[in-house]
Amino acid sequence: MTSEATALAPGRQPVPASRFAVIVPAFNEAENMPDLFREMADTFERNGLAGDVFLVDDGSTDGTLEAAHAAARLSGLEHVHLLRHDRNEGKTAALMTAVRAADADAFVLFDADLQHSPDEIPRFLEALNEGADLVSGRKMGRYQKPVVSRLYNWLARAIFHVPVRDMNSMKAFRRRVLEGVHLRRDWHRYLVVLAHARGHTVSEIDIELFPRRHGVSKYSGQGRVLVGILDLISVWFQVVFGAKPMLLFGLPGLGLIGVGGLVGLIALYLRFVAGAGYRPLLTLVVLLVVLGMLLFVAGFVAELVTGLRAEVEELRREVRE
């Protein structure tokens, strides 16, 4: 298996990921719980790992939480924490629930369907110890949605220029990656993009993909493709224009006002010089100027909101420190 990593900044030393937690979001995965905890315990024992395991039952209806309790006891795995959402809130919410509950410097996001082996966990921790802030896995093996996955990853790389070929896979990251980042529903898949945009060091390792053992995939359906594209546009807007929204709203607004003024001069020339007034031109002038002013005002308001958000992030940073 190969790995790809970005270089550390000059003078920067790798920080060991000494305190880590494995986060396992689970939704209707009761049948996978015995294998999950048995193999997780075996991996921890063979590699001398001493981290925590946080399983978040995301509103399951098949007894996943009860199965996890029983499997955890039988496995003998220490430091297991079982959390639950009363309703299904999505993988991103499960991730953040575990992060808030954990006292750890680094996290490994691991799927409950066991399509990746727990033996990959030490490799991700090693990559973090080599200096990466976030490590993403590149799936190697037969995948159910190869065309959609390739298209999505190609678009993400083309738009955001991230040094990662697979955005939606097993990941490990340091706590500081999440500082100042607000993850909306299903935005865990854009964690690589957001981390890279904020200057964090991102790397990638190849990991084997196995067939699902039990149950069915929770991420299927044509509707998810459209949702993914819309989320991609939202992230693009936040990354590109989040700091300077006036570039998106103000410049086009000024452009429309300028075009409206030019059309107005043409209308005046036709009316008073050529003697051939054309009333629809006056309507066009009003439309262009009004739209331009609305865009400019929207950009101004967005700049105020961005400034307030920056102040809130600074206050949060001071509180954490």
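These numbers come from the heavy atoms of this one structure, side chains and all, not from hydrogens, waters or symmetry mates.
Remark: of the listed residues R174, R175, R19, R176, R19 is the sole one forming a salt bridge (Lys or Arg N to Asp or Glu O under 4.0 Å) with D105. Test K139, E120, R165 against D206 for side chain to side chain contact (heavy atoms under 4.5 Å, CB included) and you get one pass: R165.
Atom CZ of F37 sits about 11.0 Å away from atom CZ of R73, to the nearest 0.5 Å. The NE2 atom of H200 lies 8.5 Å from the CG atom of L178; values are rounded to the nearest 0.5 Å. The CG atom of D133 lies 11.5 Å from the NE2 atom of H196; values are rounded to the nearest 0.5 Å. The CG atom of L36 sits 6.5 Å away from the CG atom of L55 when rounded to the nearest 0.5 Å. Rounding to the nearest 0.5 angstrom, the gap separating the CG atom in L134 from the CZ atom in F124 is 9.5 Å. Taken to the nearest 0.5 Å, the CD1 atom of I23 stands 11.0 Å off from the NZ atom of K91.
The pair E126-R123 does not meet the salt-bridge criterion, since no charged nitrogen lies less than 4.0 angstrom from a carboxylate oxygen. Salt bridge annotation for D42-R46: present, with a cationic side-chain nitrogen under 4.0 angstrom from a carboxylate oxygen. With respect to the salt-bridge test (charged N to carboxylate O, under 4.0 angstrom), the residues R84 and D58 do not qualify.
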Show your working on side chain to side chain contact (heavy atoms under 4.5 Å, CB included) between M167 and R157 and close with a plain yes or no. CA-CA 9 Å; M167 308 293 164; R157 283 174 60 86; 3.8 Å; yes
Could you please spell out the steps behind the side chain to side chain contact (heavy atoms under 4.5 Å, CB included) verdict for L109 and L191? CA-CA 11 Å; L109 182 60; L191 188 56; over 6 Å; no
Would L254 and F296 count as a side chain to side chain contact (heavy atoms under 4.5 Å, CB included) if you check the C-alpha gap in whole Å, the side-chain angles of each, and the deciding distance to 0.1 Å? CA-CA 7 Å; L254 290 176; F296 188 83; 4.0 Å; yes
Would you check, one step at a time, whether the test side chain to side chain contact (heavy atoms under 4.5 Å, CB included) holds for F110 with V53? CA-CA 10 Å; F110 188 85; V53 176; over 6 Å; no
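For the residue pair T64 / D57, no side-chain donor-acceptor distance below 3.5 Å is found, with atom types taken as modelled. A donor-acceptor contact under 3.5 angstrom links the side chains of N32 and E29, judged on distance only.
Summarising the geometry of S203 relative to V164, their closest heavy-atom pair is O-CG2, 4.1 Å, with the distance given to 0.1 Å. Taking each heavy atom of D166 and E204 in turn, the nearest pair found is N-OE2, 3.2 Å. Listed here is the closest heavy atom pair of L83 and T97: CD1-CG2, 3.9 Å. Nearest approach of G260 to V289, heavy atoms of both residues: CA-CG2, 4.2 Å. Contact between A94 and V56 at its shortest, heavy atoms only, is O-CG2, 3.6 Å. Closest non-hydrogen pair, N88 versus F27, comes out as ND2-CD1, 3.4 Å.
Annotation: side chain of M170 is in contact with side chain of I121 (closest heavy-atom distance under 4.5 Å). Side-chain contact check for S75 versus M40: every heavy-atom pair is 4.5 Å or farther apart. The closest side-chain heavy-atom distance from T43 to P122 is below 4.5 Å. The shortest side-chain heavy-atom distance between V177 and F107 does not fall under the 4.5 Å cut-off. Counting heavy atoms from C-beta on, the side chains of K171 and V108 never come closer than 4.5 Å. Side-chain contact between L291 and I257: absent, with no pair of heavy atoms (C-beta onward) separated by less than 4.5 Å.
In this structure a side-chain-to-backbone donor-acceptor pair under 3.5 Å is present from H116 to E208. Between the side chain of S117 and the backbone N or O of D119, at least one donor-acceptor pair lies under 3.5 Å. The main-chain N or O of R138 is never found under 3.5 Å from a side-chain atom of S169 such that the two would form a donor-acceptor pair. When atom types are taken as modelled, the side chain of D113 and the backbone of Q115 share a donor-acceptor pair closer than 3.5 angstrom.
Within 6.0 Å of CZ in R87 there are 12 or fewer heavy atoms belonging to other residues, nucleotides or ligands. The environment of CE in M293 is sparse: at most 12 heavy-atom neighbours from other residues, nucleotides or ligands sit within 6.0 Å. The number of heavy-atom neighbours closer than 6.0 Å to CZ of F249, taken from other residues, nucleotides and ligands shown, is above 12.
Cluster membership check: Y269 shares its hydrophobic cluster with V259, using side-chain heavy-atom separations under 4.5 Å among Ile, Leu, Val, Met, Phe, Trp and Tyr. Note on L295 and V286: separate hydrophobic clusters, where clusters join Ile, Leu, Val, Met, Phe, Trp and Tyr whose side-chain heavy atoms are under 4.5 Å apart, directly or indirectly. Linking ILVMFWY side-chain heavy atoms closer than 4.5 Å, directly or via other members, places V301 and V290 in two distinct hydrophobic clusters. Linking Ile, Leu, Val, Met, Phe, Trp and Tyr residues whenever their side-chain heavy atoms come within less than 4.5 Å leaves V80 and F54 in two separate clusters. Hydrophobic clustering (side-chain heavy atoms under 4.5 Å, transitive across Ile, Leu, Val, Met, Phe, Trp, Tyr) groups L287 together with V263.
Note on ring orientation: taking the six-membered ring where Trp is involved, the planes of F44 and F20 are tilted (angle from 30° to 60°).
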